[in-house]
J.: 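Supplied in structure tokens, the structure appears directly below.
Everything numeric here is computed off the predicted structure, so don't read it as measured data. Lettering follows sequence order; numbering is per chain, from 1.
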Number of protein chains: 2
Amino acid sequence: MKLTALADVAGLAKTLPQADQAALEAARARQNSLTKPPGSLGRLEDLACFMASWRGVDRPTISRAQAVVFAGNHGICAQGVNPYPQAVTAQMVLNFQHGGAAINQLCRANGADLSVIALELDRPTADFTEGPAMTEAETLAAMQEGAAAVDLTADVLILGEMGIGNSTIAAAMAAALFGGEVAAWVGAGTGSDSDGMKRKIAAIEKGLARHTDLDAMGVLAALGGREQAAICGAVLAARAARIPVILDGFICTAAASALYSADKALLDHCLVGHCSAEPGHRKLLAALDKRAVLEFDMRLGEGSGAALALGILRAALECHNGMATFGEAGVSEA
Amino acid sequence: MKLTALADVAGLAKTLPQADQAALEAARARQNSLTKPPGSLGRLEDLACFMASWRGVDRPTISRAQAVVFAGNHGICAQGVNPYPQAVTAQMVLNFQHGGAAINQLCRANGADLSVIALELDRPTADFTEGPAMTEAETLAAMQEGAAAVDLTADVLILGEMGIGNSTIAAAMAAALFGGEVAAWVGAGTGSDSDGMKRKIAAIEKGLARHTDLDAMGVLAALGGREQAAICGAVLAARAARIPVILDGFICTAAASALYSADKALLDHCLVGHCSAEPGHRKLLAALDKRAVLEFDMRLGEGSGAALALGILRAALECHNGMATFGEAGVSEA
């Protein structure tokens with residue numbers, strides 16, 4: 001997949017793979033033959049069937065799970081939107097590389113290989129209150145880097161992000177893509193106080209006033225950032241390879257929402273791992289018509305909620321593939 | 001722990017171990033030093049601190065997780081309360097022993113050793129519409145068997161049950177312990193149709209009319225069953241050994257509710273793994289003032305929701321024990 005213009009994204013859904021209906025129906029039939037009352041495994045059954053439909057087999061497995069965390073820095077930090085210094089983005093990348101962050105533990109616990117991609121941390125995007133965060137070329141380059149990070153041998157892809165200031169980026173993108181009061185999309189992020197929240201809202205309102213009449217991918221360029229663009233690129237590359245994606249929380253989901261606004265079908269292969277405690281996430285999930293796998297009051301990013309959901313997905317497939325049918329087990333049916 | 005009378009249960013809370021407040025505070029302090037915004041791992045932080053408080057160490061680990069499924073048969077099936085034949089209880093025990101059930105896959109996926117305890121399946125309890133389900137001696141014997149099943153070297157205990165007809169038992173116990181309309185405690189169970197639900201409600205109303213003025217453990221004997229009593233015994237034995245418990249869904253929680261009604265503190269060391277799709281469970285969780293770890297629309301029993309929650313608990317401890325502190329990682333604080 002080679003993108004040469006952001007305007008091409010909306011047309012991609014027509015050329016990319018769709019869910020395999022035959023595999024989906026075969027998986028559903030298998031679920032109904034297993035030694036349990038039909039439907040009694042609830043959403044575990046749905047997850048197994050979802051995996052079947054995207055992997056195109058009735059009994060999908062996860063031999064390899066890849067997690068990718070994209071990191072970027074943001075000019076919007078000049079507006080005082082974050083209590084942490086911007087240097088923390090690079091410090092946390094080192095922490096990921098040394099195995100000390102939450103995402104390292106969650107990947108180990110759930111059997112995912114972690115890739116960390118730092119995107120020009122010493123060259124933050126532009127402050128969107130003063131101009132577009134990125135040019136089209138910068139946006140496409142970051143999308144390409146995101147696409148290139150996807151291991152095409154993986155059976156599932158977990159996406160996460162790190163970037164001081166990027167809860168402001170997420171709220172700005174969500175407000176531009178879905179409308180509504182800016183304040184309804186803004187939360188405390190890493191821990192802003194009420195003055196910090198006011199600065200976030202003011203910066204976003206200024207950005208929205210400056211950048212009007214944008215299409216979906218135009219929002220990504222004008223208000224987004226490199227890790228947001230990389231997430232979009234990775235989502236598209238995974239789709240081309242029929243690899244289901246687990247998006248993380250508010251920031252990761254807001255990034256991918258640019259694709260949804262370009263064409264709703266572009267996120268059909270994506271789960272959302274958890275519903276974040278960041279208040280905009282619930283609103284965003286409603287806009288995307290997605291139900292998160294977990295709801296655990298988390299608000300860390302890094303892919304942490306998505307990695308936690310991987311364990312649930314693995315459990316769903318263990319049941320789907322490992323359980324005996326009524327016939328095999330000699331158990332009487334209702 | 002040797003019980004000689006059901007009346008002794010209410011007094012046990014005074015002699016059993018309590019949560020270790022020093023370990024709890026040390027665990028909270030550690031959470032606040034880790035490389036993440038404070039509180040951003042949400043309920044994962046709470047789970048780690050809960051484990052610390054019961055294991056009595058600031059950095060608890062799970063070397064051994066035990067899952068126990070207790071199976072029993074119920075005279076109430078004579079009232080036509082279940083669409084499956086009663087023989088399915090024994091057939092499912094064989095399925096557990098051969099590794100074909102959901103609980104087998106979920107234990108393997110989440111690293112729990114499974115014990116299956118069949119409790120006199122060829123001797124169902126009495127039909128509670130005609131008399132007490134069990135004598136005091138039978139109840140105590142089943143409690144003792146439950147207590148004896150607990151591996152005292154385990155770091156966490158998962159409890160589950162199997163017993164055709166036992167969603168009726170659970171609804172009867174819940175209605176007797178907490179009051180309210182019988183219909184509000186009754187759901188489809190393994191898949192009753194509306195006539196089946198009416199038979200469940202009628203049987204329970206008849207049982208409640210027959211057995212009045214019962215204390216909490218009297219409810220267990222008169223309306224419960226052997227797997228319910230065994231669950232109570234296992235919960236008490238685990239408490240004596242400071243082993244935290246993960247209860248499963250409606251039926252397992254209703255069984256343990258007899259202990260709560262005897263003394264609220266007796267369930268302090270218990271998590272509830274998931275909120276079942278069986279409608280009475282949400283009502284029961286409210287009565288117990290417990291929030292389930294997961295909510296996944298499951299309604300299978302067997303300990304399946306508790307085993308799924310074990311994976312989340314493991315992830316919580318991996319973060320708690322494996323993450324670097326701000327100081328260790330050289331990450332700037334807010």
J.: Counting neighbours of CG on A/Asp195 that are heavy atoms of other residues, nucleotides or ligands and sit closer than 6.0 Å, is the number greater than 12?
T.: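 Atom CG in A/Asp195 is packed in, count exceeds 12.
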
J.: Does a donor on one side chain and an acceptor on the other come within less than 3.5 Å for B/Arg108 and B/Gln105?
T.: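 Yes - a donor-acceptor pair under 3.5 Å links their side chains.
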
J.: Please say whether more than 12 non-hydrogen atoms of neighbouring residues, nucleotides or ligands are located less than 6.0 Å from CZ in B/Arg28.
T.: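 No.
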
J.: Based on non-hydrogen pairs under 4.5 Å, which of B/Ala324, B/Ser332, B/Ala329 is most in contact with chain A?
T.: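 Greatest number of close heavy-atom pairs with chain A: B/Ser332.
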
J.: Take A/Lys200 and A/Ser167 through the test side-chain contact (heavy atoms from CB on, under 4.5 Å) and record every step on the way to the result.
T.: CA-CA 9 Å; A/Lys200 287 173 79 163; A/Ser167 69; 2.7 Å; yes

J.: Name the region of A/Ile164, side chain, backbone, both or neither, that has any atom closer than 4.5 Å to a heavy atom of chain B.
T.: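 Contact with chain B is absent: no heavy atom of A/Ile164 under 4.5 Å.
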
J.: If you count heavy-atom pairs within less than 4.5 Å of chain B, which of A/Leu44, A/Leu308, A/Asn104, A/Leu106 leads?
T.: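 It is A/Leu44.
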
J.: Please classify the contact of A/Val331 with chain B as side chain, backbone, both or neither, using a heavy-atom distance under 4.5 Å.
T.: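 It is both, since atoms from each part get that close.
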
J.: Among B/Leu294, B/Ile103, B/Thr325, B/Ile312, which residue has the highest count of heavy-atom pairs closer than 4.5 Å to chain A?
T.: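 If we count pairs closer than 4.5 Å to chain A, B/Ile312 comes out on top.
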
J.: Could you go through A/Asp297 and B/Arg291, starting from their C-alpha distance and side-chain angles, then the distance that decides it, and tell me whether this counts as salt bridge (Lys or Arg N to Asp or Glu O under 4.0 Å)?
T.: CA-CA 13 Å; A/Asp297 300 341; B/Arg291 180 174 175 190; 3.2 Å; yes

J.: Sort B/Phe96 into side chain, backbone, both or neither according to what part of it lies under 4.5 angstrom from a heavy atom of chain A.
T.: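 Interface part for B/Phe96: neither.
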
J.: Does B/Ile76 offer a backbone N or O that forms a donor-acceptor pair with the side chain of B/Gln79 under 3.5 Å?
T.: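 Not confirmed, B/Gln79 side chain does not pair with B/Ile76 backbone.
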
J.: Counting only N and O atoms by type, is there a donor-acceptor contact under 3.5 Å from the side chain of A/Ser276 to the main-chain atoms of A/Met298?
T.: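 Flag set: sc A/Ser276 to bb A/Met298 pair under 3.5 Å.
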
J.: Side chain from CB out, backbone as N, CA, C, O: work out which of these in A/Ala277 comes under 4.5 Å of a heavy atom of chain B, or both, or neither.
T.: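 When you check distances to chain B, no heavy atom of A/Ala277 falls under 4.5 Å.
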
J.: Against chain A, label B/Ala102 side chain, backbone, both or neither, depending on which of its atoms sit under 4.5 Å from a heavy atom there.
T.: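 Its backbone and side chain both get close to chain A.
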
J.: For B/Glu227 and B/His74, which I'm curious about, is there any donor-acceptor pair between the side chains at under 3.5 Å?
T.: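 There is such a pair (donor and acceptor under 3.5 Å, judged by atom type) between the side chains of B/Glu227 and B/His74.
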
J.: Considering only heavy atoms and a distance below 4.5 Å, find which of B/Glu333, B/Arg314, B/Glu302 pairs most often with chain A.
T.: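 Of B/Glu333, B/Arg314, B/Glu302, B/Glu333 has the most heavy-atom pairs under 4.5 Å with chain A.
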
J.: Sort out for me which of A/Asn110, A/Val293, A/Asn82, A/Asp46 touches chain B most, counting heavy-atom pairs under 4.5 Å.
T.: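 The answer is A/Val293.
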
J.: Picking from B/Ala316, B/Gly311, B/Ala315, which has the most non-hydrogen pairs under 4.5 angstrom with chain A?
T.: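 Sorted descending by pairs with chain A, the first entry is B/Ala315.
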
